[in-house]
S.K.: 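Have a look at this one before I ask anything.
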Amino acid sequence: MTAARTGRAGDAALVACALLAFAMPWLVETFTLVGINVFAILGILALSMSLVWGVGGVLSFGQSVFFGLGAYAYAVVAGNLGGSTIALGAALAVPAGFAALLGYFLFFGRISDVYLAVITLTVSLILFHVINTVAGADFRIGEIALGGYNGMPGVAPINLPWDAGRPLDYEEMYWLSVVALLVVYVGLRRLVRTDFGRIVLAIRENELRAELLGYDSRAYKLGLFVIGATIAGFAGALYAAWGSFVGPDVFGMSFAAQIIIWAQVGGVSTLAGPVVGCVLIQALTTWLGTSQVADANLVLGALLMFFVLVIPAGLLPRVQALFARRGTR
Amino acid sequence: MSLTATGLHLVYGIAVLVLTSLGLAIVFGMMRVINFAHGEFLMLGGYAFVLSVQAGANVWIAMFVVAPLAVGLFGVLVERIVIRHLYGRVLDTILATWGLSLFLIGLASVTLGFQQRGVAPPFGSFELGGTRESVYSVFLIGVTIALVVAVLAFLSRTRWGLLARGTMQNPAMAEALCVDTRKVYAWTFAGGAAVSGLAGALLAPITGVVPTVGLVYVAKAFITVITGGANALTGTLLAGTMFGSISEIATTFGSPIVGQVALLAAAIVALRLMPAGITGRFFRRSP
């Protein structure tokens, strides 16, 4: 009863948010729209975290790695081929392939969740060092220099499929991002209700019991990990195309931390929680960056500690619980 | 470069790996707590050393007294405020200490700024097979060996070490025998922090200190301790030797980045072959 009530209220809130997002191009100027655009792109990344951590119970610190790989793959392929269609495919394939390889070692080694957290973070730190080093003209893939610590400026925009002469303008890019966010969200909600999704949930709740029922938890976790990586890679490609820039910071410690903070603040027990967290935290860091009130690391670190110690469930589940309680009275 | 010089670099690489991992290994081995702010503990040790030397303190007192004491006390504080509330919630501890890590980096960059601070390495240099080597790196190897021996002796020969190991093996039984396990955990965390502080101070003359200096060591320290496995101290020595050799050899033939990538690849493959770590597979009964 209460679950249905919060579910209905949640759906209503979701539809309201979607309508607001669709109305945005008529409400604000193009400059602001481009600023809002990035929330939708990072929201997709947050959804990949909801899937891997929330649904699968796998705390991976490496979602930023897949995001970054997607961004770099898009930038390199789009730069070489001069069109975004194949580049978008590469931005899905490269992170997925890397996740399959890494996930094979992690899940088929049956290492514990603590080790998994540490190894994924280590991968991200070492990629950060590697990308920082590949500066100079020697390090290039095809025509495109990797840029090292300088990053890669002038990333090609997304164009209409198979038509490199017709790039998307700012408003079309916004539409693409918002629709993609919505499609990924609805897709993940449906995925959770498929057999695959239910088995993944069962493994999260009790891995031993799921295995005794005959499900190979390693393969299911690996599948989930690869899906999460693909979504993150797609978000990375959109990000690179949006800012026409990608730099090594996407592999950095503080970006990896931000994704975790979105999920922790928003609440990982719901799919939408990390997206809410993402919008709030991004708004906060943007404001901190422009107003210079306090160091962003300082505030984000304190926020993460506070949420883990005081509000471990996160904001959105708290709000839902509030509605549910009001409903029963 | 001669063979002896290469050998010295190899031993030095292993020593730095073990030194930077030791504090983490103590805390992880005894408490199953992964301290993601470990790198920042090293950074604080470095700052405690450099700032007190710049304030006029004796170099050796700053290194062996001020830095471990300052970071150890800070460890007590962190245990009280954060760690104590999260025992048994392993992933939450990781998240909270990661928050602490960001907070400390932010705090250090706001208060101390981004310019690199350093102290010239004591001692001079000597000639070895045609290349000049710093005496300080030999000193560092010696201190690392002494530190490892001291920690192992403390754990296996003293009453405090016995209580700590008992608490690690069976907290409920230790409590039934009137051991205040909370106190043991608090002291263990402070001890690990103090060792990290000393490590940070020892490395400060070589690398200098910036707010993000911990990030250089922390990735390698994590995989060393994790690959070591359940018996963290023995494991850290073994994994440190293995990874230190791999990384130094790859660095010699390639570049430092090749060394890092080789280290990471070796760690991931090692975890696939030995998911419970080196000690989980081969040395079940060592401390």
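Note that the coordinates shown come from a computational prediction; the quantities given were computed from them, not determined experimentally.
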S.K.: Any chance you could measure T111(B), atom OG1, to D295(A), atom CG, to the nearest 0.5 Å?
M.R.: 10.0 Å

S.K.: To check you understand the geometry: which heavy-atom pair defines the closest contact between H129(A) and L215(B), and what is its length?
M.R.: NE2-O, 4.3 Å

S.K.: Check whether L86(B) gets within reach of chain A through its side chain, its backbone, both or neither, counting any heavy atom under 4.5 Å.
M.R.: side chain

S.K.: Please step through side-chain contact (heavy atoms from CB on, under 4.5 Å) for the pair V118(A) and F36(B), ending with a clear verdict.
M.R.: CA-CA 9 Å; V118(A) 172; F36(B) 258 48; 3.9 Å; yes

S.K.: Side chain, backbone, both or neither: which part of V123(A) has a heavy atom under 4.5 Å from chain B?
M.R.: both

S.K.: Check each atom of F307(A) against the heavy atoms of chain B and say whether the ones under 4.5 Å are side chain, backbone, both or neither.
M.R.: neither

S.K.: Of the non-hydrogen atoms in R89(B) and P312(A), which two are nearest, and what is the gap between them?
M.R.: NH2-CB, 4.0 Å

S.K.: Can you give me the closest heavy-atom contact between L102(B) and A257(A), atom names plus distance?
M.R.: CD1-CB, 3.5 Å

S.K.: Please classify the contact between L106(A) and chain B as side chain, backbone, both or neither, with a heavy-atom cut-off of under 4.5 Å.
M.R.: neither

S.K.: Between D92(B), V90(B), L264(B), which shows the greatest number of heavy-atom pairs under 4.5 Å with chain A?
M.R.: L264(B)

S.K.: Check whether A256(A) gets within reach of chain B through its side chain, its backbone, both or neither, counting any heavy atom under 4.5 Å.
M.R.: both

S.K.: Tell me, out of F103(B), W98(B), F222(B), who's got the most heavy-atom pairs with chain A below 4.5 Å.
M.R.: W98(B)

S.K.: Go through V225(B), I105(B), I223(B) and name the one with the most non-hydrogen pairs under 4.5 angstrom from chain A.
M.R.: I223(B)

S.K.: Is I81(B) close to chain A through its backbone or its side chain, or both, or neither, when contacts mean heavy atoms under 4.5 Å?
M.R.: backbone

S.K.: With a 4.5 Å cut-off on heavy-atom pairs, point out which of L102(A), L127(A), L125(A), L303(A) contacts chain B the most.
M.R.: L125(A)

S.K.: Could you check whether atom OH of Y215(A) has more than 12 heavy atoms from other residues, nucleotides or ligands sitting under 6.0 Å from it?
M.R.: no

S.K.: Highest number of heavy-atom pairs under 4.5 Å with chain B: which of F128(A), F61(A), Y104(A)?
M.R.: F61(A)

S.K.: Testing the basics here: between A96(B) and M305(A), what is the closest heavy-atom pair and its distance to 0.1 Å?
M.R.: O-CG, 3.2 Å

S.K.: Run the side-chain contact (heavy atoms from CB on, under 4.5 Å) test on L95(B) and L59(A) for me, step by step, so that the C-alpha distance in whole Å, both residues' side-chain angles and the decisive distance to 0.1 Å come before the verdict.
M.R.: CA-CA 10 Å; L95(B) 293 176; L59(A) 178 50; 4.2 Å; yes

S.K.: Where on I268(B) is there a heavy atom nearer than 4.5 Å to chain A: the side chain, the backbone, both, or neither?
M.R.: both

S.K.: Chain A heavy atoms under 4.5 Å from I34(B): which part of the residue, side chain, backbone, both or neither?
M.R.: side chain

S.K.: Counting heavy atoms not belonging to R80(B), are there more than 12 under 6.0 Å from its CZ?
M.R.: no

S.K.: Please check if the number of heavy atoms outside R209(A) that lie under 6.0 Å from its CZ is greater than 12.
M.R.: no

S.K.: Which atoms of S109(B) are under 4.5 Å from chain A, going by heavy atoms: the side chain, the backbone, both sets, or neither?
M.R.: side chain

S.K.: Report which part of V82(B) has an atom under 4.5 Å of a heavy atom belonging to chain A: side chain, backbone, both, or neither.
M.R.: both

S.K.: Measuring heavy-atom distances to chain B, does I261(A) have an atom under 4.5 Å in its side chain, in its backbone, in both, or in neither?
M.R.: side chain

S.K.: Minimum heavy-atom separation for G99(B) to L304(A), with atom names?
M.R.: N-CD2, 3.5 Å

